[in-house]
Novice: 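To start, I am sharing the structure in question, which I have written as structure tokens.
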Amino acid sequence: SGTSSRRLTLNRWHHVALQRRAGNWQIYINGQPDTIIYSTDPNTPTVSFKVGYAGFGGDYFLGKISNVRFFQGALDNGLMQALALQIPNG
């Protein structure tokens, strides 16, 4: 697990992505890589996978999540930035 020092503005759309490449995890916020890189694998879920849920207690994400995508293989920085520019309608 890890945290970012970057703050998200309330009531504004943000693009947040997590990339795993060669055993390292990198967070991208609005197309820009965060300065923190994680090198430990997350815990393997023991129950079904749920976006926006920490997996214990009532620890759910308090907000809206939309346009969730999963890709086979790591995306390069240019594609991460391009995806961040695709602001959803609605």
Side-chain angles (χ1 to χ4, degrees):
S1 69
T3 58
S4 172
S5 60
R6 296 172 75 177
R7 299 288 179 231
L8 303 180
T9 306
L10 290 175
N11 301 316
R12 182 167 178 248
W13 184 87
H14 295 279
H15 181 268
V16 179
L18 181 64
Q19 174 194 67
R20 181 171 188 243
R21 181 182 299 181
N24 292 318
W25 294 87
Q26 175 78 57
I27 293 175
Y28 286 76
I29 300 174
N30 297 325
Q32 299 301 313
D34 199 1
T35 56
I36 299 172
I37 296 176
Y38 308 97
S39 59
T40 55
D41 286 332
N43 295 333
T44 302
T46 57
V47 295
S48 61
F49 174 75
K50 298 177 184 176
V51 173
Y53 178 60
F56 48 85
D59 201 5
Y60 287 92
F61 175 74
L62 301 175
K64 295 180 180 179
I65 299 174
S66 67
N67 301 325
V68 175
R69 300 179 194 178
F70 294 90
F71 294 90
Q72 176 104 16
L75 306 179
D76 64 27
N77 290 351
L79 188 51
M80 288 292 229
Q81 291 172 355
L83 289 170
L85 294 175
Q86 296 178 0
I87 298 174
N89 294 327

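Remember, predicted model here, so these are calculated numbers, not experimental data.
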Novice: Using ring-ring contact (aromatic ring centres under 6.0 Å, His included) as the criterion, list what pairs up with Y60, not counting sequence neighbours.
Specialist: Y53
Novice: Is F70 linked to I65 within one hydrophobic cluster, defined over Ile, Leu, Val, Met, Phe, Trp and Tyr using a side-chain heavy-atom separation of less than 4.5 Å?
Specialist: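 Result: yes, single cluster for both.
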Novice: Considering residues at least two apart in sequence or located in another chain, which fulfil the side chain to side chain contact (heavy atoms under 4.5 Å, CB included) criterion with L62?
Specialist: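 Checked L62 against side chain to side chain contact (heavy atoms under 4.5 Å, CB included); zero matches.
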Novice: Give me the atom names and distance for the closest heavy-atom approach of H15 to G31.
Specialist: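 Minimum heavy-atom separation between H15 and G31: ND1-N, 4.3 Å.
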Novice: CE of M80 to CG of L85: how many Å apart, nearest 0.5 Å?
Specialist: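 That separation rounds to 13.0 Å.
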Novice: Enter the distance from L75:CG to Q26:CD here, rounded to the nearest 0.5 Å.
Specialist: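 L75 CG to Q26 CD: 13.0 Å, rounded to 0.5 Å.
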Novice: Quick one: does L83's side chain get under 4.5 Å of F71's, heavy atoms only?
Specialist: yes
Novice: Determine yes or no for a side-chain-to-main-chain donor-acceptor pair under 3.5 angstrom, with H14 supplying the side chain and I29 the backbone.
Specialist: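 Pair absent, no side-chain N/O of H14 close to backbone of I29.
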Novice: Considering non-hydrogen atoms only, spot the tightest contact between N30 and A84 and give its length.
Specialist: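 Looks like C-CB, 3.6 Å.
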